[in-house]
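Chain A is the first sequence line, chain B the second, and so forth, proteins listed ahead of strands; every chain is numbered from 1.
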Amino acid sequence: MRRVQIYDTLSRETRLLVPITPPKIGLFVCGLTPYDEAHIGHGRTFVTFDVVARALRRWGYRVFYVQNVTNLDDRLIQRGGEEGIDPLVLAERHFAGWTVSMQRLGVRSVNYYPFATDYVPEILAQVRQLVDGGYAYATTGSVYYDVSRFPAYGKLSGQRIEAQRPGTRVPAEPGKRAPEDFVLWKAATPGEPSWESPWGPGRPGWHIEDTAITVRLLGARYDIHGGGLDLKFPHHEAEIAQAEAATGTSPLVNFWMHAGMLNLGGEKMSKSLGNVIRLAETLDACGPDVLRFFYLNAHYRSPLDFVEGKSLEESAEAFGRFIAPYRRLSGLLEREGAERPGAGLPPETAEAADGLVQRLDEVMASDFNSREAIALLFGWVRNVSALPQPFESLEGGALETLLAPYRWSEEVLGLPIRGDGAGASEELAGAVRIALDARRRARERNDYSEADRIRDELRAAGIHVEDRGGTTHWELRAAPE
RNA sequence: GCCAAGGUGGCAGAAUGGUUAAUGCGACGGACUGCAGAUCCGUUUCCUGGGGGUUCGAUUCCCUCCCUUGGCUCCA
């Protein structure tokens with residue numbers, strides 16, 4: 001296992017990652033509340049942690065990556081009411097849309113997406129623990145966390161509750177002893193989904209689902225907790241207070257990782273500001289590779305400004321140059337195979353490729369510096385482009401040598417994105433599904449000439465079809481030249 | 001007001017107690033082309049917010065001020 005340095009937001013220092021139970025890494029990332037479509041700010045956060053998981057796995061860590069889905073909260077209930085839909089159904093519907101976008105973006109490393117409502121027994125058990133331990137109190141059917149009972153509250157964000165401005169955004173709730181106390185269990189309003197509890201019918205508060213899920217799935221203490229920087233306070237602070245009080249184990253996690261915000265014209269992109277750019281539309285417009293490249297072209301902790309009409313155009317130019325040699329090399333290999341005869345390369349070239357891959361692992365192991373990795377990869381683009389021999393003259397092994405740094409990029413950065421439909425628009429993906437469905441039916445009636453005709457037509461259109469163990473996969477590739 | 005993260009060339013955006021501060025975009029010049037495009041090559045020496053301090057040496061460490069963004073119970 002490679003030595004990995006990670007910046008921890010809690011201690012504000014970069015430290016060596018030491019797994020609690022080597023080689024396992026428990027990774028929890030605060031997921032989404034699917035009350036609306038995903039925007040490109042969400043994409044940045046989830047691509048960030050996708051790369052973290054990919055890199056750690058490459059280096060021999062066994063990562064268990066859990067990302068929760070808050071499928072019931074105030075916004076879902078409100079939106080469901082407006083649209084006349086059961087909030088749980090609404091959540092299900094939007095989650096499906098998020099999943100499609102994330103797949104297109106190449107986010108593949110999440111092992112499990114727990115839904116909050118599937119963990120109500122765990123949530124109730126944890127609320128019970130907190131009440132019994134004197135960390136929480138019940139009033140009028142709701143249960144609140146008593147922040148004054150947890151002196152470490154504020155250690156993550158550096159906040160001191162006495163310095164807080166009195167809450168102006170949310171009116172004081174009746175029954176709360178102090179404005180900073182937060183709800184663990186919320187008394188039901190008629191017509192809302194609710195569950196029976198010792199305090200009456202109700203539903204979970206926002207913060208409690210995460211800790212109920214992580215204690216169950218990852219234990220009282222685990223390795224890495226990730227999320228957007230905007231969740232640091234109060235959400236992550238509340239998680240620490242809940243979990244450490246409930247389990248008596250401190251710290252809850254060894255590393256807090258926070259992804260920087262994606263800003264739009266110098267402002268954070270958020271639904272409340274109304275300045276969102278939808279993820280699905282952006283993927284259609286520029287293709288997922290370009291967006292993923294844009295994200296990874298900055299350090300994950302830095303704020304990243306998105307400028308309409310500029311950021312993606314610039315990334316498209318850069319990504320195009322980055323990937324051009326890859327497309328030519330891999331195209332040759334796919335058409336003619338690794339056994340293709342031809343000229344070899346001087347041994348220095350293979351050594352340089354090995355050395356570069358080493359360097360790439362090093363810079364990524366230094367707090368996941370994807371920007372530095374991309375800079376190094378551009379050096380390789382230059383070397384490969386300036387090679388005196390044309391690619392067509394090289395033997396298969398030489399082509400693989402030249403591709404080695406790209407293979408690293410595919411594995412760790414997820415660039416280019418590979419897999420079913422990566423890079424395709426919704427319309428194209430739909431058309432391919434129809435074509436593949438027709439092909440499947442043709443194969444079922446043993447009409448292989450028709451099945452092959454469909455496959456050849458798709459191939460001519462730049463869609464590569466492959467049958468693997470009973471299922472059919474496809475991806476966009478440059479059409480045969 | 002309090003807390004946090006930042007301020008690097010025309011733009012985006014890395015890194016580092018010490019030779020020319022990466023990489024990309026853009027721009028300019030060239031190769032290729034009938035032309036264009038695509039691609040490739042080269043150039044782009046004058047860039048580290050202001051002021052102090054530590055040091056032989058600071059963009060990097062410390063102090064201070066200014067500015068930007070985020071958070072202060074909706075947030076990825």
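Closest approach to the A:Q159 side chain among B:U23, B:U69, B:C2 is made by B:C2 (side chain taken as heavy atoms from C-beta onward). Taking only side-chain atoms of A:A318, from C-beta outward, the nucleotide of B:U73, B:A76, B:C25 with the closest atom is B:C25.
Contact annotation: A:N369 reaches the phosphate of B:A15 (side-chain N/O to OP1 or OP2, under 4.0 Å). Using a 4.0 Å cut-off, some side-chain N or O of A:W206 falls inside it from OP1 or OP2 of B:C75.
To the nearest whole angstrom, the two C1' atoms, one in B:A21 and one in B:A36, are 38 Å apart. Separation of the C1' atoms belonging to B:U55 and B:G10 is 35 Å when rounded to the nearest angstrom. Rounded to the nearest Å, the gap between the C1' atom of B:U43 and that of B:A58 is 30 Å. Going from the C1' atom of B:G24 to that of B:G70 covers 27 Å, rounded to whole Å. For the C1' atoms, the distance from B:U44 to B:G50 is 29 Å, rounded to whole Å. Between B:A22 and B:A15, the two P atoms lie 14 Å apart (nearest whole Å). The same atom, C1', is picked in B:A27 and in B:C67; the two are 30 Å apart, to the nearest Å. Across the P atoms, B:C47 and B:U19 are found 14 Å apart, a figure rounded to whole Å.
Closest-nucleotide positions on RNA chain B for A:E313 and A:P303 were compared, and the one nearer the 5' end corresponds to A:P303. Remark on RNA chain B: of its neighbouring residues A:A298 and A:L229, the 5'-side contact belongs to A:A298, judged by nearest-heavy-atom nucleotide.
Between the P atom of B:U69 and the CG atom of A:L262 lies a distance of 15 Å, rounded to the nearest Å. Atom CD of A:E180 and atom C1' of B:U73 are 10 Å apart (whole Å). Distance A:D305 CG to B:A5 P: 20 Å, rounded to the nearest Å. Between A:L10 atom CG and B:G71 atom P there is a gap of 20 Å when expressed in whole angstrom units. The CZ-P distance, from A:F319 to B:U39, rounds to 13 Å in whole Å. Straight-line distance from the CG atom of A:D73 to the C1' atom of B:U73: 14 Å, rounded to whole Å. What separates CE of A:M364 from P of B:A14 is a distance of 13 Å, to the nearest Å. In this structure, the CD atom of A:E372 is 8 Å from the C1' atom of B:U23, given to the nearest Å.
Under the Watson-Crick or G-U wobble criterion, with both distances below 3.5 Å, B:G70 is paired with B:C3. Pair assignment for B:U16: none, as no Watson-Crick or G-U wobble contacts are both less than 3.5 Å. The partner of B:A76 cannot be assigned: no Watson-Crick or G-U wobble pair with both contacts below 3.5 Å exists in any strand. Pairing of B:U59, defined by two Watson-Crick or G-U wobble distances under 3.5 Å, is not identified with any nucleotide. Under the Watson-Crick or G-U wobble criterion, with both distances below 3.5 Å, B:G29 is paired with B:C41.
For A:R79, the CZ atom is densely surrounded, since the number of other residues' heavy atoms within 6.0 Å is greater than 12. Around the CZ atom of A:R3, the shell of radius 6.0 Å holds no more than 12 heavy atoms that belong to other residues, nucleotides or ligands.
Looking at heavy-atom distances under 4.0 Å, A:L231 makes contact with sugar-phosphate atoms alone, never a base. Here A:S311 lies out of heavy-atom contact (under 4.0 Å) with every strand. At a threshold of 4.0 angstrom between heavy atoms, the contacts of A:H299 are confined to the sugar-phosphate backbone, with no base atom among them. Here A:A259 lies out of heavy-atom contact (under 4.0 Å) with every strand. At the heavy-atom level, A:G154 lies nowhere under 4.0 Å from the strands shown. Backbone-only contact: A:G227 has heavy atoms under 4.0 Å from sugar-phosphate atoms and none from a base.
A perpendicular orientation is assigned to the rings of A:Y153 and A:F233, their planes being inclined by more than 60° (bins at 30° and 60°). Using bins of under 30°, 30° to 60° and over 60° for the plane-to-plane angle, the ring pair A:F46/A:H42 lands in the parallel bin. Using bins of under 30°, 30° to 60° and over 60° for the plane-to-plane angle, the ring pair A:F293/A:F322 lands in the tilted bin. Using bins of under 30°, 30° to 60° and over 60° for the plane-to-plane angle, the ring pair A:H236/A:W256 lands in the tilted bin. Classified by interplanar angle (parallel below 30°, tilted 30° to 60°, perpendicular above 60°), the ring pair A:Y145/A:F182 is parallel.
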Give every pair of a protein N or O atom and an N or O atom of nucleotides 40-42 of chain B that lie under 3.5 Å apart, one pair per line with the distance.
from  : atom 1 : to     : atom 2 : distance (Å)
B:G42 : OP2    : A:R382 : NH1    : 3.2

Taking only nitrogen or oxygen atoms into account, show me every contact under 3.5 Å that the protein makes with nucleotides 8-11 of chain B, one pair per line with its distance.
from  : atom 1 : to     : atom 2 : distance (Å)
B:C11 : O2'    : A:K310 : NZ     : 2.3

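In this structure, A:R177 is not positioned above the aromatic face of A:Y144 in the sense of NZ or CZ being under 6.0 Å from the six-membered ring centre and within 45° of the axis. The cationic atom of A:R301 (NZ for Lys, CZ for Arg) lies less than 6.0 Å from the six-membered ring centre of A:Y7 and within 45° of the ring axis. By the 6.0 Å and 45° rule, A:R149 stacks over the aromatic ring of A:Y135.
One distance of note links CG of A:L88 with CZ of A:R93; it measures 12.5 Å at 0.5 Å rounding.
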* Determine, stepwise, if the pair A:Y112 / A:Y65 fulfils ring pair (Phe, Tyr, Trp, His ring centres under 6.0 Å). => CA-CA 7 Å; A:Y112 179 43; A:Y65 180 177; over 10 Å; no
